Number of protein chains: 2
Amino acid sequence: MNTNQNPSPSNLRNIGLKATAPRLKILDFFYQNPGAHYSAEEVFMALAQEDREIGLATVYRVLTQFEQAGLLLRSHFESSKGDSRAIYELNEGQHHDHLVCLDCGHVEEFVDEAIEKRQKDIAKTLGFTLQEHALAMYGHCQKKNCRNKLKPD
Amino acid sequence: MNTNQNPSPSNLRNIGLKATAPRLKILDFFYQNPGAHYSAEEVFMALAQEDREIGLATVYRVLTQFEQAGLLLRSHFESSKGDSRAIYELNEGQHHDHLVCLDCGHVEEFVDEAIEKRQKDIAKTLGFTLQEHALAMYGHCQKKNCRNKLKPD
DNA sequence: TTTATTGCAAAACCTTTGCATGTAT
DNA sequence: ATACATGCAAAGGTTTTGCAATAAA
């Protein structure tokens with residue numbers, strides 16, 4: 001399913017970052033959970049049971065660096081319920097948008113060429129040079145284990 | 001252009017809120033600026049030169065109440081530059097999405113039935129009951145007075 | 001009068017930053 | 001050795017909340 005090779009020190013050196021333990025652990029965490037979405041706090045918690053804990057500030061710094069390097073993607077899912085944290089996922093190359101379950105937090109990813117094209121046309125019509133876009137839909141999924149306000153995904 | 005009648009005490013009583021001066025002023029402010037987008041801070045500032053100033057906490061409370069009553073719409077424009085404030089606009093009935101200029105903050109609104117329809121189809125395909133969605137595109141506009149980091153719009 | 005609303009200050013969140021210590025190269 | 005990274009605690013920005021004072025119904 002996931003075609004990414006596991007992270008190694010060179011993954012980091014290639015983007016001008018020293019291969020430190022916190023960075024390798026965080027990157028590895030995302031590689032082990034491709035397609036999953038995590039807030040900084042969640043990454044922090046997930047790695048908190050390690051022998052050598054990583055500071056929350058470091059998690060924030062590393063996530064920012066990884067996003068700037070294109071390793072991770074950052075989104076903000078803000079339905080009317082207003083969840084204001086940034087969430088990160090592994091950048092697997094393919095652009096996609098999100099469909100988020102308001103009950104359990106499950107996230108489906110999708111790509112739709114028709115929507116992508118319409119967006120470009122609209123931007124052109126309105127005289128904009130399009131740079132990026134964020135489309136998130138919110139609804140209720142029908143997973144059996146839904147309704148429990150679980151995190152990841 | 002704007003077919004909304006000016007706000008009156010009954011506008012508020014109809015939604016179960018007492019017609020207080022802060023609420024009337026804030027609602028009036030949005031009626032006077034249909035199509036414009038303001039953060040709580042901006043509303044606060046805009047009304048700060050009045051004889052009787054409105055507290056920022058009240059602005060937040062009132063904006064929340066108005067949004068819940070359907071009078072205002074709330075959005076979050078978060079490009080990679082990460083502006084993390086909520087912004088509000090008058091709800092003029094017609095659903096629309098946003099195209100935001102990264103340079104001057106100007107906001108164009110648009111509706112696209114093709115995109116709306118695709119979204120519904122996608123949600124259905126993925127087994128979701130669609131509730132809401134947020135589409136924001138970010139780019140560079142070509143207004144003459146762009147490039148100045150001005151607010152409203 | 002009764003109940004809702006305001007303003008202020010304090011707190012709550014999420015995120016960033018200063019700085020001294022520690023680590024990769 | 002040198003430059004960069006970390007951890008902690010403090011600070012920043014936005015939004016919410018407790019509470020006594022105030023205003024609407």
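Only heavy atoms go into these numbers, but all of them, side chains included; no hydrogens, no water, no symmetry mates. All of these numbers come straight from a predicted model, not from anything done at the bench. Order of the sequence lines fixes the chain letters, A, B, ..., with proteins taken first and strands second; residue numbering starts at 1 for each chain.
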Under 4.0 Å between a side-chain nitrogen and a carboxylate oxygen: does that hold for B/Asp121 and B/Arg118?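 Salt bridge present between B/Asp121 and B/Arg118.
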
Counting N and O atoms only, with roles assigned by atom type, does the side chain of A/Ser10 sit under 3.5 Å from a partner on the main chain of A/Arg13, one being a donor and the other an acceptor?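 Such a contact is absent between A/Ser10 side chain and A/Arg13 backbone.
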
Donor-acceptor contact below 3.5 Å, side chain A/His96 vs main chain A/Gln94: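 Side chain of A/His96 to backbone of A/Gln94: a pair is present.
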
Between [N] and [X], is there an OP1 or OP2 to side-chain N/O distance shorter than 4.0 Å?
X	N	value
A/Thr64	C/dT15	no
B/Ser84	C/dT15	no
B/Thr58	C/dG7	yes

To the nearest Å, how far apart are [X] [atom1] and [N] [atom2]?
X	N	atom1	atom2	answer
B/Tyr60	D/dT17	OH	P	13 Å
A/Ile26	D/dA5	CD1	P	13 Å
B/Ile15	C/dA4	CD1	P	16 Å
B/Glu41	D/dT16	CD	P	14 Å
B/Arg23	C/dA4	CZ	C1'	8 Å
A/Leu17	D/dT6	CG	P	9 Å
B/Lys25	C/dT6	NZ	P	11 Å
A/Leu56	C/dT15	CG	C1'	8 Å

Side chain of [X] (C-beta onward), nearest among [options]:
X	options	value
B/Ala57	D/dT16, C/dT15, D/dT6	D/dT16
A/Ile54	C/dT6, D/dG7, D/dT15	D/dG7
A/Lys18	D/dA24, D/dA5, C/dT15	D/dA5
A/Arg85	C/dT6, C/dT15, D/dT6	C/dT15
B/Arg61	D/dT14, C/dC19, D/dG18	D/dG18

What contact category does A/Ala19 fall into here, base, sugar-phosphate, or nothing, at under 4.0 angstrom with non-hydrogen atoms?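 Sugar-phosphate contact only - A/Ala19 comes under 4.0 Å of backbone atoms but never of a base.
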
Would you indicate what B/Ala86 reaches in the nucleic acid, counting non-hydrogen atoms under 4.0 angstrom: base, sugar-phosphate, or nothing? sugar-phosphate

Can A/Glu108 and A/His106 be counted as having a side-chain donor-acceptor contact under 3.5 angstrom? yes

Can you check whether A/Phe77 and A/His98 have ring centres sitting under 6.0 Å from each other?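 Yes, close enough.
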
More 5' along DNA chain C: B/Gln65 or A/Pro9, using each one's nearest nucleotide? B/Gln65

On DNA chain D, check which nucleotide each of B/Ala21 and B/Ala40 is closest to and give me the residue with the more 5' one.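 Final value for this comparison: B/Ala40.
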
A/Arg52 (side chain) and C/dG22 (base): donor-acceptor pair under 3.5 Å: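 Answer is no: no donor-acceptor pair is held.
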
